[in-house]
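I have placed the structure first, in the form of structure tokens, so that the comments after it can refer back to it.
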Amino acid sequence: MKVFNTYSRQVEDFQPIEAGQVRMYTCGPTVYNYAHIGNFRAYMFEDILRRQLRAEGYAVKQVMNLTDVDDKTIRGSRAAGVSLQAFTARFKQAFFEDLKRLNIEPAELYPAATDHIPEMIVLIEKLLAAGHAYRSEDGSIYYRVKTFEGYGRLAHLDMGGLKAEARVSQDEYDKENVGDFALWKAWDDADGEVVWDSPWGRGRPGWHIECSAMSIKHLGESFDIHTGGIDNIFPHHENEIAQSEGATGCHPFVRYWMHCGYLVVDGSKMSKSLGNFHTLRDLFERGYTGRDVRYVLLSAHYRQALNFTFAALDGARSALARVDEFRGRLAETAGAAPVTGAGAAPAWVRAPLAAFRAAMNEDLNTPEALAALFALVADGNRALSQGGVSAGEAAAALQALRDMDRVLGVLEAPEPVPDAEALRLLDARTQARAARNWAEADRIRNALAASGWDVRDGPEGAKLKPRRA
RNA sequence: GGCGCGAUGGCCGAGUGGUUAGGCAGGGGACUGCAAAUCCUCUCACUCCGGUUCAAUUCCGGAUCGCGCCUCCA
């Protein structure tokens, strides 16, 4: 399997530290609001990555952090007049609900920042002892960036050329250098009751330190993959490297850094003022499903900017309906036929499956993988129409779809079964048609449509299909 | 100013030094009592200007346009 490593800016062969076992850390949500679809692009990318790794036979241990203490969560909880914990609990729950609706596999572990304050303090003490950090007058602790050789390497930034401009906020006036970043923030009024004791006085952790502390604790001082959106490259991931390697002396902290591109909406960055800001919940209210959204997120390569539009969402729905239709045809042909060995699969099943796997192993090329899926659909439909498909072959094709869906997670969908009343009406219509009573037949067809069923007349009689929006 | 990304047919979106990406939409056909759905099938492309090459959408240079990062946004 090949993956693009941000650190080297190259596609590399993936080799885990421990054979057969992948340890990966994925930067999770800051739980101060409902996540938007741009956020979910990252979680989707990570889901596809872990699914493909598993499909290739690796055991995966994925750790995704929950940032439940930072400026935004503190501000939000104070505005809402509730405790930080109560405030973030609500959005943690919403986050997991959303993941489920997108059919994103759960990570093995979801550590929360507030549960790892002692580990962060230990890490900061190590950095202080190593001379990588210093205490400022107000009791905050900063990372002394110039002591870490190679700082800026991940982001390809030359820190020497950094302009000392006015982006330094006022509460950071006592840093030695503008590039230095906070490991520990001394308490101030805005923090309210959000405070922990530390060897340097009361305060709270900086943002970056949590990921170093939690990844080291749960994955070790050196692990395989670390992911996030490209906006995390700098400063967050750059700082993580400096903190982790600075504290442990272990290099490399991470072997493969992987980042997904932005999601834009109608060609523009998502923003509330443009009215193109969408949470997952907004889309559900408009009648779209997690499956529709998931398909759209799969339709572009993860490193490319993805243009999210409602036209794409509608297109996703149509495309998935075609796959559903195909699976239905296969199931009828397969009947109860057993899935035999791979050798029994016809070429029109084997070739797309091989192409699918090759595409996914080439740095998760999901658009090409979807093309392989549709090659299977088209070739299979053609074969079915020509009547030359055996039950065993159809079963093999169904198995191929399941194999693909192990990675895509978007194909299988429960189909509602017609109720007794609908079946009775269908039967009545069949009799009306036999009597050439077209008016009555059409009346029943309309009645069925009103109750959510489409009637499909075919060579083998009429069938009911759930009506699509 | 520094670093980096992108420009593909109506829309979305892969890829390749010479041979079909794919999806959606649209046209045609099959099927049907009529429909719908479905299936089959077809049209439409590689921002511009140079260069390398037998051959460039693909490589190199430049231009134009769009976008991102440069201290806490996935």
Side-chain angles (χ1 to χ4, degrees), chain A residues 9 26-30 35-46 67 70-72 143 145 152 155-163 165 167-169 172 175 177-182 185 206-208 227-236 238-239 259-264 267-270 295-296 299-301 303-309 311-323 325-326 328-329 355 359 362 365-375 377-378 381-382 384-386 433 436-438 441-442 445 449 454-459 463 465 467-468:
Chain A
R9 309 274 159 138
T26 56
C27 282
T30 300
H36 57 70
I37 51 175
N39 300 126
F40 283 110
R41 187 186 191 195
Y43 309 134
M44 263 295 296
F45 145 61
E46 289 146 5
T67 299
D70 79 323
D71 291 352
K72 283 176 295 201
Y143 194 102
V145 163
H156 289 203
L157 285 175
D158 176 9
M159 300 315 286
L162 191 73
K163 285 186 289 185
E165 48 181 299
R167 293 197 65 161
V168 188
S169 67
E172 291 173 335
K175 292 199 291 192
N177 280 295
V178 280
D180 293 349
F181 58 93
K185 295 182 168 189
W207 174 45
H208 313 292
T227 70
I230 48 170
D231 46 341
N232 275 156
I233 295 172
F234 195 89
H236 186 53
E238 195 71 61
N239 291 353
H259 296 93
C260 68
Y262 279 109
L263 177 142
V264 296
S268 303
K269 192 170 176 175
M270 228 188 317
Y295 186 93
V296 170
S299 68
H301 183 84
R303 281 192 283 121
Q304 226 55 49
L306 183 150
N307 189 19
F308 183 91
T309 62
L313 217 37
D314 293 334
R317 182 172 283 198
S318 300
L320 285 169
R322 185 141 83 93
V323 179
E325 201 68 40
F326 177 57
R329 284 183 88 181
E362 193 62 44
N365 193 335
T366 51
E368 204 158 289
L370 288 176
L373 163 67
F374 281 98
V377 172
N381 268 324
R382 205 172 299 121
L384 285 163
S385 295
Q386 288 163 2
R433 290 183 75 217
R436 306 184 71 80
N437 185 351
W438 308 129
D442 290 350
R445 183 163 66 193
D454 275 333
V455 177
R456 298 198 188 175
D457 293 323
K463 280 181 242 167
K465 286 278 179 179
R467 196 175 176 78
R468 282 197 304 268

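In what follows, every chain begins at residue 1, and chains take the letters A, B, ... in the order their sequences are listed.
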Do D70(A) and K185(A) meet the salt-bridge criterion of a basic N to acidic O distance under 4.0 Å?
no
Salt bridge or not for R456(A) and E325(A), using N-O below 4.0 Å?
yes
Return no unless some side-chain N or O of [X] is found under 4.0 Å from OP1 or OP2 of [N].
X	N	value
Y262(A)	C5(B)	no
K72(A)	C73(B)	yes
R382(A)	U41(B)	yes

Could you state the [atom1]-[atom2] distance from [X] to [N], rounded to the nearest angstrom?
X	N	atom1	atom2	result
R436(A)	C34(B)	CZ	C1'	12 Å
I230(A)	C70(B)	CD1	P	11 Å
N381(A)	U41(B)	CG	P	10 Å
H236(A)	C72(B)	NE2	C1'	9 Å

Side-chain heavy-atom pair T227(A), H259(A) within 4.5 angstrom cut-off
no
Any N239(A) side-chain heavy atom under 4.5 Å of Y143(A) side chain
no
Per [X] side chain, nearest of listed nucleotides [options]:
X	options	answer
L157(A)	G2(B), C3(B), G33(B)	G2(B)
F234(A)	C40(B), C69(B), G33(B)	C69(B)
P235(A)	A35(B), C72(B), A36(B)	C72(B)
D457(A)	C34(B), C72(B), A36(B)	C34(B)
D442(A)	C34(B), C72(B), C69(B)	C34(B)

Distance between [atom1] atoms of [N] and [M] (Å, rounded):
N	M	atom1	value
U8(B)	G15(B)	C1'	10 Å
C44(B)	A21(B)	P	11 Å
U53(B)	U16(B)	P	24 Å
G27(B)	C69(B)	P	42 Å
G22(B)	U41(B)	P	11 Å
G6(B)	G62(B)	P	16 Å
U20(B)	A35(B)	P	37 Å
G51(B)	A7(B)	P	24 Å

Distance from [X] atom [atom1] to [Y] atom [atom2], nearest 0.5 Å?
X	Y	atom1	atom2	value
C260(A)	R303(A)	SG	CZ	11.5 Å
F374(A)	F326(A)	CZ	CZ	11.0 Å
I37(A)	Y43(A)	CD1	OH	13.5 Å

For RNA chain B, which consecutive runs of 3 or more Watson-Crick or G-U pairs (each distance under 3.5 Å) count as stems?
B:1-7 with B:64-70, B:10-12 with B:22-24, B:26-30 with B:38-42, B:47-51 with B:59-63
Do other residues, nucleotides or ligands put more than 12 heavy atoms under 6.0 Å from K465(A) NZ?
yes
Worked check of salt bridge (charged side-chain N to carboxylate O under 4.0 Å, His left out) between R433(A) and D442(A):
CA-CA 9 Å; R433(A) 290 183 75 217; D442(A) 290 350; over 6 Å; no
Would the base of A35(B) count as contacting R445(A) through its side chain, where contact means a donor and an acceptor less than 3.5 Å apart?
yes
A correct 5'-to-3' footprint of nucleotides 11-23 of chain B, with B, S and - meaning base, sugar-phosphate only and no protein heavy atom under 4.0 Å, is -SSSS-----BSS
Looking only at atom types and distance, does a side-chain atom of N39(A) sit under 3.5 Å from a main-chain N or O of A35(A), one as donor and one as acceptor?
no
